There are 2 protein chains.
Amino acid sequence: MAKPSNFELKLLRYLWQRERLSAREIHQASQVETGWSYSTTRKALDRMVAKGLLRIEQIHGLKTFAAAHSKLQTMAGLIKDFARNILDTDEPLPAAAFAHSKFIEPEEIEALGVLLEELDQDDGSNVK
Amino acid sequence: MAKPSNFELKLLRYLWQRERLSAREIHQASQVETGWSYSTTRKALDRMVAKGLLRIEQIHGLKTFAAAHSKLQTMAGLIKDFARNILDTDEPLPAAAFAHSKFIEPEEIEALGVLLEELDQDDGSNVK
DNA sequence: ATGAACATGCGGCATATGTCGCATGTATAC
DNA sequence: GTATACATGCGACATATGCCGCATGTTCAT
């Protein structure tokens with residue numbers, strides 16, 4: 001439901017690849033790209049949990065973070081949002097247009113298309 | 001250069017259709033859609049001028065607002081931004097994908113494609 | 001048992017943006 | 001010339017987000 005910001009998306013990308021990681025691991029993986037201090041990464045993760053973007057799983061007392069929504073689900077939401085707010089169209093965008101995205105695999109394009117059209121159905125309400 | 005926010009975009013759409021309007025006119029046109037009070041519309045316009053999204057033209061002492069950048073220029077920028085930050089791709093998105101946008105006309109698709117590829121050239125720097 | 005090495009929680013600051021209201025100024029109508 | 005109707009400028013507040021640091025706690029090796 002909540003949309004990740006650009007920077008939050010950067011962190012999400014690591015979680016999508018790795019399933020679930022500790023704060024320290026996420027920080028180390030993303031540090032070069034973000035340039036953030038550990039505190040900043042930490043805070044970002046906390047806020048993402050608060051927004052429902054991440055789930056916490058305790059492992060022997062160590063907090064571990066995992067994406068609450070799948071990559072495709074999230075991407076479909078962002079694409080839909082872009083179509084609605086920026087392009088101002090209700091037609092679902094053709095999934096094929098996103099084939100070049102560095103983290104959408106060819107095999108996933110079809111599933112993305114399905115999600116895009118689904119999102120088009122349940123409108124107004126936010127059920128399902 | 002500055003990216004308009006979703007709400008700022010809504011106001012821009014009126015300016016693109018109408019060339020140039022007074023604050024009151026913009027407010028009246030957008031009020032139903034935004035639900036804003038006049039003060040809010042005013043403030044939004046002021047901030048857009050500060051950001052360089054709008055130009056002011058005085059007409060007999062009455063301020064008139066006009067978009068600083070063309071519709072296609074702005075859309076190309078937003079699309080490029082979306083591709084880079086959300087999709088994480090450097091390939092320009094196919095302009096054809098946006099044919100359904102309510103305010104991009106069929107005749108404009110080609111020009112949009114050109115802009116999209118141009119934006120791909122001058123990277124890193126922000127000249128031109 | 002003392003300290004290095006982390007983890008967690010939380011406070012804090014700046015800027016952007018959504019959202020107003022108020023004070024002052026000007027013009028126009030009676 | 002006084003009231004009415006706008007225009008303009010500004011201050012304000014809340015929330016989101018980018019960006020830290022510090023205090024406290026736990027763990028583990030020496």
Side-chain angles (χ1 to χ4, degrees), chain A residues 1-14 20-66 68 74 77-78 81-82 84-86, chain B residues 1-14 20-66 68 74 77-78 81-82 84-86:
Chain A
M1 201 148 279
K3 309 284 166 212
S5 73
N6 288 353
F7 280 85
E8 289 171 338
L9 234 200
K10 287 187 195 299
L11 299 190
L12 273 178
R13 301 214 240 259
Y14 292 96
R20 134 194 120 159
L21 294 168
S22 72
R24 187 66 58 180
E25 288 170 321
I26 295 172
H27 176 62
Q28 263 147 17
S30 61
Q31 211 286 322
V32 174
E33 191 185 356
T34 62
W36 287 350
S37 79
Y38 177 67
S39 295
T40 303
T41 305
R42 238 353 265 280
K43 191 65 159 184
L45 291 173
D46 285 345
R47 298 213 256 231
M48 287 169 81
V49 170
K51 280 205 288 180
L53 291 174
L54 301 182
R55 272 177 303 105
I56 286 185
E57 288 170 39
Q58 292 269 355
I59 303 228
H60 304 298
L62 209 212
K63 274 191 181 173
T64 267
F65 299 86
T74 303
L78 289 169
D81 189 69
F82 179 74
R84 202 202 291 292
N85 293 313
I86 308 298
Chain B
M1 198 148 278
K3 309 285 167 213
S5 71
N6 288 353
F7 280 85
E8 289 172 337
L9 236 201
K10 287 188 196 298
L11 299 191
L12 273 178
R13 303 215 239 262
Y14 291 97
R20 135 194 122 160
L21 294 168
S22 72
R24 186 65 59 179
E25 287 170 323
I26 295 172
H27 176 63
Q28 263 147 19
S30 62
Q31 210 286 322
V32 173
E33 191 186 356
T34 62
W36 288 350
S37 78
Y38 176 68
S39 295
T40 302
T41 306
R42 239 350 267 281
K43 191 64 158 184
L45 291 173
D46 285 346
R47 297 214 257 230
M48 288 170 80
V49 170
K51 280 204 289 180
L53 292 174
L54 300 183
R55 273 177 301 106
I56 286 184
E57 290 171 39
Q58 292 269 357
I59 303 228
H60 304 299
L62 209 212
K63 274 192 181 172
T64 267
F65 299 85
T74 303
L78 288 169
D81 189 70
F82 178 75
R84 200 203 291 294
N85 294 312
I86 308 298

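Keep in mind it's a predicted model, so treat the numbers as computed, not measured. Letters A, B, ... mirror the listed sequences (proteins, then strands); counts begin at 1.
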Identify the two heavy atoms, one from A:Lys3 and one from A:Lys51, that lie closest to each other, and give their separation to 0.1 Å. O-NZ, 3.6 Å

Please report the distance, rounded to the nearest Å, between CD in B:Glu33 and P in C:dG18. 13 Å

Value rounded to 0.5 Å, distance of OG1 in B:Thr64 from CG in B:Leu54: 11.5 Å

Rounded interatomic separation in angstrom, taking CD from B:Gln31 and C1' from C:dC20: 14 Å

In A:Thr41, A:Thr40, A:Thr34, the residue satisfying side chain to side chain donor-acceptor pair (under 3.5 Å) with A:His27 is A:Thr41

Heavy-atom pair with the smallest gap, counting every atom of A:Ala29 and A:Tyr14: O-OH, 3.3 Å

Just the rounded figure in Å: distance from C1' of C:dA5 to CD of A:Gln28. 13 Å

Calculate the interatomic distance between B:Leu45 atom CG and C:dT17 atom P; express it in whole Å. 14 Å

For the pair A:Ser5 (side chain) and A:Glu8 (backbone), establish whether a donor and an acceptor sit closer than 3.5 Å, ignoring hydrogens and angles. yes

Any donor and acceptor pair, going by atom type alone, linking the side chain of B:Glu25 with main-chain N or O of B:Ser22 inside 3.5 Å? yes

Take nucleotides 5-21 of chain D nucleotide by nucleotide from the 5' end and write B, S or -, depending on whether a protein heavy atom sits under 4.0 Å from the base, only from the sugar-phosphate, or from neither. -SSBS-BB----BBBBB

